[in-house]
Amino acid sequence: PGPLLRAYLRHRRARETEIVRRLDEAPSTLEALVAGIYPGLPAAVVPSAGDSLLAHLVKLEREGRARRDGEVWTRA
């Protein structure tokens, strides 16, 4: 389980880095982040991708690295 867990954590850190990079470029909605990070994603899994990205954004918000203003997320 160790190697699998390390790979999962690396993937999560890489995704977080991508989200922060996109927020550095411009404020964004969750929907726009999903579309930009997961281009061509089948519609059936878009809600799950959104849930995953929202979890990242909430974590970043708790850490003081992202901020939400209504539906728009920015870099804090």
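For reference, positions follow the sequence shown, starting with 1.
- Here CG of L41 is found 9.0 Å from OG of S48. Values are rounded to the nearest 0.5 Å.
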| message | Applying salt bridge (Lys or Arg N to Asp or Glu O under 4.0 Å) to R21 and E18, what does each step give before you reach the verdict? | response | CA-CA 5 Å; R21 183 185 68 75; E18 175 70 5; 2.9 Å; yes

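- Taken from CG in L60 to CD in E16, the straight-line distance is 4.5 Å, to the nearest 0.5 Å.
- Between atom CD1 of residue I37 and atom NE2 of residue H56 there is a gap of 8.5 Å, rounded to the nearest 0.5 Å.
- With values rounded to the nearest 0.5 angstrom, R68 atom CZ is found 9.0 Å from L30 atom CG.
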| task | Applying side chain to side chain contact (heavy atoms under 4.5 Å, CB included), run through E31 and V46 and close with a yes or a no. | result | CA-CA 9 Å; E31 292 77 16; V46 167; over 6 Å; no

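- The shortest side-chain heavy-atom distance between P27 and R67 does not fall under the 4.5 Å cut-off.
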| Does the pair L53 and Y38 meet the rule for a side chain to side chain contact (heavy atoms under 4.5 Å, CB included), with working shown? | CA-CA 10 Å; L53 285 186; Y38 299 107; 4.0 Å; yes

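- Distance check: R65 CZ to R75 CZ gives 6.0 Å after rounding to the nearest 0.5 Å.
- Put simply, the side chain of I19 reaches to within 4.5 Å of the side chain of R15, judged on heavy atoms.
- Taking the charged nitrogens against the carboxylate oxygens, K59 and E63 do have a contact shorter than 4.0 Å, which makes a salt bridge.
- Counting non-hydrogen atoms of neighbouring residues, nucleotides and ligands closer than 6.0 angstrom, the CG atom of D69 reaches no more than 12 such neighbours.
- Closest non-hydrogen pair, G64 versus A76, comes out as O-CB, 3.2 Å.
- One distance of note links CG of L4 with CG of L9; it measures 9.5 Å at 0.5 Å rounding.
- Linking ILVMFWY side-chain heavy atoms closer than 4.5 Å, directly or via other members, places V58 and V20 in a single hydrophobic cluster.
- The number of heavy-atom neighbours closer than 6.0 Å to CD of E71, taken from other residues, nucleotides and ligands shown, is 12 or below.
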